[in-house]
Amino acid sequence: MIDGKKVLFSGMQATGNLTLGNYLGALKNWVNLSDEYECFYSVVDLHSITVRQDPSELRQRARKLLALYIAAGLDPKKNCIYYQSHVSGHAELAWILNCFTYMGELNRMTQFKDKAAKHADNINAGLFTYPVLMAADILLYQADVVPVGKDQLQHLEITRDIAQRFNAIYGEVFTVPEPFVGKAGAKIMSLQDPAKKMSKSDENANASIYLMDDPDTVIRKFKRAVTDSEAQVKYCEEQPGIRNLIDIYCSCTDKTPEETEKEFDGKGYGEFKLAVGEAVVSVLKPLQERFEDLVKDKAYIDGIIKENADKANYYATKTLRKVQKKVGFPERVR
Ligand code: ATP
Ligand code: LTN
């Protein structure tokens, strides 16, 4: 608890260009939570280097991501928006938690298996212990809730296990966090292969809608989206492509799948795809405009970066000192 409010933590990697999946599954659900929770949103750049990055590109992307958090509607006065690399407590706590995490547990992580397969030439130890760093992110702020997309639930589960294991040995040190998955848009699938999630690292640019795609590109990608030959807008397992488009449509318009089925009853896929594209454009346009304005204001962004890093450091250090004491590190001499 901070000032009587529960704590919320989430983060996103600055790798690749953000997709509609990132927005609908994560970012969109982050907005409007700051009245209820004390919110921390990190640009998790330590996580990013588990995959080889070009340094200047990473720096630029991280800054853009931070601006995008604000453009998406997170007020930086009410939400602590910061770079993970500006708070050394993340790495320090991750080291300690590494010593409370089993190889067997990490071996079961599906994201590791996927990424190891994708980057077979660089299966580094950081990629393997990635979930421990994620646990450190969350536990460092004593977070009660963590809004994520469905694909991150396994990492939340291991975070809870680590916290409980630590608490069982040392007493109630960590808050055990709960995941929070939004209803619509929890898992947006690839437009080219509805069995795969939409991912910013997909090589096929037509598979993903990027948040900075212009309206024509958005519409074109939806027109090309892979569907089926059933010729009915129906929300069912047998039509994964159409179901994905309905999910996207609902998430952008706040309609339900039933309402959508009715709206497009007897209508063709062409018309439906166009409507989905237009719904997405109307969500992206204001976001893009705010983003363009923001990135021009360098001093404003710099101020936020500094202020919020100080705030994050304050809370992180509090937890870290407590943990260091518990495990038996000597107290600092003042
Ligand atoms: P990468 O392709 O580099 O692994 P990613 O696109 O999967 O990246 P992350 O940075 O891993 O994105 O995820 C950021 C947040 O967005 C997480 O909370 C994640 O659950 C959510 N997210 C990512 N992809 C989707 C998706 N297709 N649908 C819903 N949520 C998603
Ligand atoms: N692993 C997450 C990003 C992430 C995160 C976190 C999310 C790193 N640390 C802490 C929530 C809480 C991802 O790949 N999406």
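First listed ligand is number 1; within each ligand, the first listed atom is number 1. Position 1 is the first residue of the sequence; numbering continues from there.
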Report summary line: In D247, D202, D114, D151, the residue satisfying salt bridge (charged side-chain N to carboxylate O under 4.0 Å, His left out) with K197 is D151
Query - Side-chain donor/acceptor of N308 to backbone N/O of I81, under 3.5 Å - result: yes
Requested in this report: Have a look at ligand 2 and work out which part of I138, if any, has a heavy atom under 4.0 Å from it: side chain, backbone, both or neither.
Outcome: side chain
Query - Q53-T15 side chain donor-acceptor pair, cut-off 3.5 Å - result: no
Requested in this report: Could you establish whether K115 and ligand 1 come within less than 4.0 Å of each other, counting only heavy atoms on the residue side?
Outcome: yes
**Report entry** Proximal atoms of ligand 2 relative to S10 (non-hydrogen, under 4.0 Å)
**Finding:** 11 (C), 12 (C)
**Report entry** More than 12 heavy atoms from other groups under 6.0 Å of NZ on K64
**Finding:** no
Query raised in the report: Relative to atom 31 (C) of ligand 1, which among S201, S10, G21 owns the nearest non-hydrogen atom?
Result: G21
Query - Atoms of ligand 2 close to D137 [distance to a heavy atom under 4.0 angstrom, numbered from 1] - result: 6 (C), 8 (C), 9 (N), 10 (C)
Report task. Find out whether I246 and V233 are in side-chain contact, i.e. whether some heavy atom of one side chain is under 4.5 Å from a heavy atom of the other. Result -> yes
Report summary line: Among non-hydrogen protein atoms, atom 3 (C) of ligand 2 lies closest to G11 O, 3.6 Å
Requested in this report: Look only at interatomic distance and state if D151 has a nitrogen or oxygen under 3.5 Å from any nitrogen or oxygen of ligand 1.
Outcome: yes
Query raised in the report: Which class fits the ring pair F166 and Y170: parallel under 30°, tilted 30 to 60°, perpendicular over 60°?
Result: tilted
Query raised in the report: Would you call the rings of Y249 and F272 parallel, tilted or perpendicular if under 30° counts as parallel and over 60° as perpendicular?
Result: perpendicular
Report summary line: Per-atom filter on ligand 2: closer than 4.0 angstrom to a heavy atom of V146 are 11 (C), 12 (C)
Query raised in the report: Quick one: are K200 and L18 in side-chain contact, heavy atoms under 4.5 Å?
Result: yes
Query raised in the report: Are I242 and Y235 linked, directly or through other ILVMFWY residues, by side chains that come within less than 4.5 angstrom of each other?
Result: yes
Report summary line: Quick note on ligand 1: atoms under 4.0 Å from a heavy atom of G25 include exactly 29 (C), 30 (N)
Report task. List the atom of V43, the atom of A14, and the distance in Å for their closest heavy-atom pair. Result -> CG1-CB, 4.1 Å
Query raised in the report: If you count the non-hydrogen atoms of other residues, nucleotides and ligands that lie under 6.0 Å from NZ in K5, is the total more than 12?
Result: yes
Requested in this report: For ligand 1, note which part of K187 has a heavy atom under 4.0 Å away: side chain, backbone, both or neither.
Outcome: backbone
Query - Side-chain donor-acceptor pair present, S48, D45, cut-off under 3.5 Å - result: no
**Report entry** Sub-3.5 Å N/O-N/O distance, Y130 and ligand 2
**Finding:** yes
Report task. Pull out every atom of ligand 2 sitting under 4.0 Å from any heavy atom of V44, numbered as shown with elements. Result -> 8 (C), 9 (N)
Report task. State, to 0.1 Å, how close E105 and I158 come at their nearest heavy-atom pair, and which atoms those are. Result -> CB-CD1, 3.9 Å
Query raised in the report: Looking only at heavy atoms of V148, does any of them come nearer than 4.0 Å to an atom of ligand 1?
Result: yes
Query raised in the report: Is the shortest N/O to N/O distance between Q152 and ligand 2 below 3.5 Å?
Result: yes
Query raised in the report: Counting each atom of ligand 1 from 1 as listed, which ones have a heavy atom of A26 under 4.0 Å away?
Result: 15 (C), 16 (O), 18 (O)
Requested in this report: Would you mind listing which atoms of ligand 1 come within a distance below 4.0 Å of any non-hydrogen atom of Q13?
Outcome: 10 (O)
Report task. Could you tell me which non-hydrogen atom of S208 sits nearest to which non-hydrogen atom of M198, and how far apart they are? Result -> OG-CG, 3.6 Å
Query raised in the report: Does G11, backbone or side chain, put an N or O under 3.5 Å from an N or O of ligand 1?
Result: no
Query - Test of proximity, Q152 against ligand 1: N or O pairs below 3.5 Å - result: no
Requested in this report: Mind checking whether L133 contacts ligand 2 via backbone (N, CA, C, O), side chain (CB onward), both or neither, at a 4.0 Å heavy-atom cut-off?
Outcome: neither
Report summary line: Taking only non-hydrogen atoms of Q13 and a 4.0 Å limit, the atoms of ligand 2 in range are 14 (O)
Query raised in the report: Which of the atoms in ligand 1, numbered in the order shown and given with their element, are less than 4.0 Å from a heavy-atom of M198?
Result: 24 (N), 26 (C), 27 (N)
Requested in this report: If you have a sec, work out which protein heavy atom is nearest atom 10 (C) of ligand 2 and how many Å separate them, to one decimal?
Outcome: F9 CE2, 3.4 Å
Query raised in the report: Looking at ligand 1, does any of its N/O atoms fall within less than 3.5 Å of an N/O of I188?
Result: yes
Query raised in the report: Going by the atom numbers of ligand 1, which of them fall below 4.0 Å from some non-hydrogen atom of M12?
Result: 14 (C), 15 (C)
